[in-house]
Amino acid sequence: MFNKRVKIKELLNGEPKEQEVVVMGWVRTFRNNQFVALNDGSCNSNIQVVLELGRFEEDLLKRITTSASLKVTGNVIPSLGKGQKLEIKATAVEILGDSDAEKYPLQPKKHSLEFLREIAHLRFRTNTFGSVFRIRHSLAFAIHKFFHEKGFLYLHTPIITASDAEGAGEMFRVTTLPFDQTPRNEDGTVNFKEDFFGKSTNLTVSGQLEGELGATAFGEIYTFGPTFRAENSNTARHLAEFWMIEPEMAFCDLEDNMNLAEEFIKYIIRFAMENNREDLEFLSQRLADEEKQLPQDKRSEMGLIEKLEFVLNNNFERITYTEAIDILLQSPAYKKKKFQYDVKWGIDMQSEHERYLVEKHFKKPVIVTNYPKDIKAFYMRLNEDGKTVAAMDILAPGIGEIVGGSQREERLDRLEQRMAEMHVPATEMDWYLDTRRFGSVPHAGFGLGFERMVQFVTGMGNIRDVIAFPRTPKNCEF
RNA sequence: GGAUGAAUAGCUCAAUGGCAGAGCAGCGGUUUGUUAAGCCGCCGGUUGAAAGUUCGAAUCUUUCUUCAUCCGCCA
C-alpha cells in the first residue's frame, strides 16, 4: 500500500513517541541543508524534518526545493531546537515530484494578494489561502450539519432554468444555437424552439422559487449550490459565480425567519471557532499586521477572533426600516451632510447608510425589517399597513448585506396583484402559483451569500480571495 | 456601467525630461541546530501595448489593455 502516511496535523497534535512514521507533503522551506519545513495541507503548521549532515546524497539534497513533494520516513522526537515541540529525524527521504526552483513562482515571503490571484492554481500552497480554504470547508460542512440536525431536507434546485421572472439580476444565457445563422422567427426574433430545450434558458440566479415548492411539501428545506449573476459588478464583494444557501420553511413567519438566520450564522461561526482555531489565529495575526500599515482611524476596533466572539455573545440588533431611516435622520453624519445620498422614507438605503448603521451606530450585525414594498421583490408578503413588506436583511460589519430574506406572500389574490403591478408574467409562473392554490401556508426563507460569510469569518477583504477560482467580469481563468 | 489611482527584473519597490537601480528569489561557493538562516560572488529589463511631443521619454500627451480602490446593481 502506498499511503501509510500520518497526517502532519495528527503528528503535531500528538506527543513524540520515538516511533517511525511516514509523512508526505510539500517543501515550504529548506534551511541549512538540514531542516525541511514540510506541509501537507492538513493544517497551517509545518513539521520540521531534520536531515542529519552527511547522511544523505548531495544530489538528493539539491532536489529538495520549494514545493518539491517528499515522502519522509523517520522518527518523531522532541525537537532539539526552539520553535517547535517535535520534529522528525529522517531515516529515508524520497522525492515524489521535483519542483524547478528557477520557475516556481512562490517564495518563502509575503506576496501581494493580487499577485497570488494571478496564480490561483498555486495559491492554496500559501499559509493564508491554506487557512482560508480550510475554514471555507468547515463552514460548508457546518451548514449541512446545522440544517440536518434541524431536520431540513437538502434540496438540489436546478442550475439551468427557463424562468426569467425572479428578477434577481442579469442572467447568463444557456444555449446551443449557433452565433451566426441563428434561427429566426418571421418577426426577426430568435427562434428558441430550435434551441436545446426548445425555449430560452439561463443559469439560475436563485433557487428560491423552487425551494418554496420543496418547503410546501417537506416543511423545511435548504439549498446550497452555485448561483450566477451576469451583472457587471466590479466590487470586492461581488462574483459572477457564487454559492448561496437558501433555507425555506413552511409554517414560519418573519420572526421565525430572523431567529433561524441568527441561530444559523452563530452556529457556523462557532463551528469554525472550535475546529479552525489555528487557522483563525493565523488570519487574525495577518489582519493585525495588515492594519498596522493603515492610519489609526482606518483600523478595526476589534481583532478578527475578538469580532467573531462578539458576534457570538451578542444578539443581532433588530430594527424596522422606518426606525433605520429615523436613526439616519437623527445622526450627526446626516446633520453634518456627510452622506452623499439623501435620506428619506422610501429610499433604497445606500452602502454608506448601511455602513453607518452597522459600523458606527450599532457596531454589530443588524437585522432591518419591513421595507417599503416598492423596493422589494414581488413574492414578499404585504404587511397590514399596505406600504411595507415582511422582508429582512442582515447587515454585517465590513461586508454589508450578508442575508436577504422575507416571509413570502401566501395569499393567492395578493400575490397575483403584486405580480401584475410589477409586470411579472403570471402565465410562466403557473407552477409557482400552484403552491398558493393547493394548501397554501405561511412560509418564509432567506438567502445567504456563502462567500460573504467566508469573508466575514476569515477577515479577507476581497471576495475573490475566498473562492477557489473567482469568476468576475473579464476574468474566467483556470 | 461610473469615478479615481496604478502598471519598471520572477516578486516588492526606487529612479520626476539626461548612463534604468536596490532588496528578496534564483544560480555558484561557503558555513552548519536552522526558524522568511548567515557570509562571498554571479545572473537578471522591448519600463503593459501602440502612436505622438522632444536633441533626448520609465518620466510629458493621446488611445487601448489589465489591475486596484470607491460607487451603482446585489448575496
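These numbers come from the heavy atoms of this one structure, side chains and all, not from hydrogens, waters or symmetry mates. Throughout, protein chains are lettered first and strands after them, A, B, ... in sequence-line order, and every chain is numbered starting at 1.
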(message) Using the P atom as the point on both nucleotides, what is the distance between B:rA25 and B:rU12, in whole Å?
(response) 15 Å
(request) Have a look at A:Gln34 and say if it touches a base, only the backbone sugar-phosphate, or nothing, with a 4.0 Å heavy-atom cut-off. (result) base
(request) Please assess A:Tyr432 against A:Tyr379 for the test ring-ring contact (aromatic ring centres under 6.0 Å, His included), listing each intermediate value before the final yes or no. (result) CA-CA 10 Å; A:Tyr432 180 69; A:Tyr379 49 72; 7.4 Å; no
(message) Check this for me: does the side-chain of A:Arg229 come within 3.5 Å of the base of B:rA75 through a donor and an acceptor?
(response) yes
(request) Write down the distance between CG (A:Asp348) and P (B:rA75), rounded to a whole number of angstrom. (result) 11 Å
(request) Could you say whether A:Ser112 or A:Ser79 is positioned toward the 5' end of RNA chain B, judged by the nucleotide with the nearest heavy atom to each? (result) A:Ser112
(request) Compare side-chain N and O positions of A:Arg31 against OP1 and OP2 of B:rU34 and report whether any pair is under 4.0 Å apart. (result) no
(request) Taking atom C1' in both B:rC55 and B:rC39, compute the distance separating them and give it to the nearest angstrom. (result) 48 Å
(message) Between A:Gly81 and A:Phe115, which residue's closest nucleotide on RNA chain B lies nearer the 5′ terminus?
(response) A:Phe115
(message) With rounding to the closest Å, how many angstrom separate the P atoms on B:rU46 and B:rU8?
(response) 12 Å
(request) Please work out if A:Leu106 contacts a base, only the sugar-phosphate, or nothing of the nucleic acid, heavy-atom cut-off 4.0 Å. (result) nothing
(message) Need one value for A:Ile402: base, sugar-phosphate or nothing, where a base atom within 4.0 Å counts as base even if backbone is also close, heavy atoms only.
(response) sugar-phosphate
(request) Rounded to whole angstrom, note down the C1' distance from B:rG48 over to B:rA68. (result) 15 Å
(message) When the P atoms of B:rA15 and B:rU34 are compared, how many Å lie between them, rounded to an integer?
(response) 39 Å
(message) From CD of A:Gln107 over to P of B:rA37, roughly how many Å is that when rounded to an integer?
(response) 12 Å
(request) Please measure how far the C1' atom in B:rA6 lies from the corresponding atom in B:rC13, and state the result in whole Å. (result) 13 Å
(request) Taking atom P in both B:rG10 and B:rG17, compute the distance separating them and give it to the nearest angstrom. (result) 27 Å
(request) Go ahead and write out RNA chain B as dot-bracket, 5' to 3': ( ) for pairs within the strand, [ ] for ones crossing earlier pairs, | when the partner sits on another strand, dots for unpaired; Watson-Crick or G-U wobble, both distances under 3.5 Å. (result) (((((((..((((....[..)))).(((((.......))))).....(((((..]....))))))))))))....
(request) Answer yes or no on whether A:Lys307 is positioned over the face of A:Phe456, meaning its NZ or CZ is under 6.0 Å from the six-membered ring centre and within 45° of the axis. (result) yes
(message) For the C1' atoms, the ones on B:rC71 and on B:rC19, what distance do you get once it is rounded to whole angstrom?
(response) 46 Å
(request) Would you state whether a donor and an acceptor, one from the side chain of A:Asn32 and one from the base of B:rU32, lie under 3.5 Å apart? (result) yes
(message) Quick one: does any side-chain atom of A:Asn475 pair with a main-chain N or O of A:Thr472 as donor and acceptor, under 3.5 Å?
(response) no
(message) Which residue in the set A:Thr322, A:Asn370, A:Thr369, A:Asn383 passes side chain to side chain donor-acceptor pair (under 3.5 Å) when paired with A:Thr388?
(response) A:Asn383
(message) Tell me whether A:Phe35 and B:rG33 count as stacked here, given that the ring centres must be under 5.5 Å apart and the planes must differ by less than 30 degrees.
(response) no
(message) I need a per-nucleotide contact map over nucleotides 65-72 of chain B, read 5' to 3'. Cutoff is protein heavy atoms under 4.0 Å; write B for the base, S for backbone only, - otherwise.
(response) -S-SSBBB
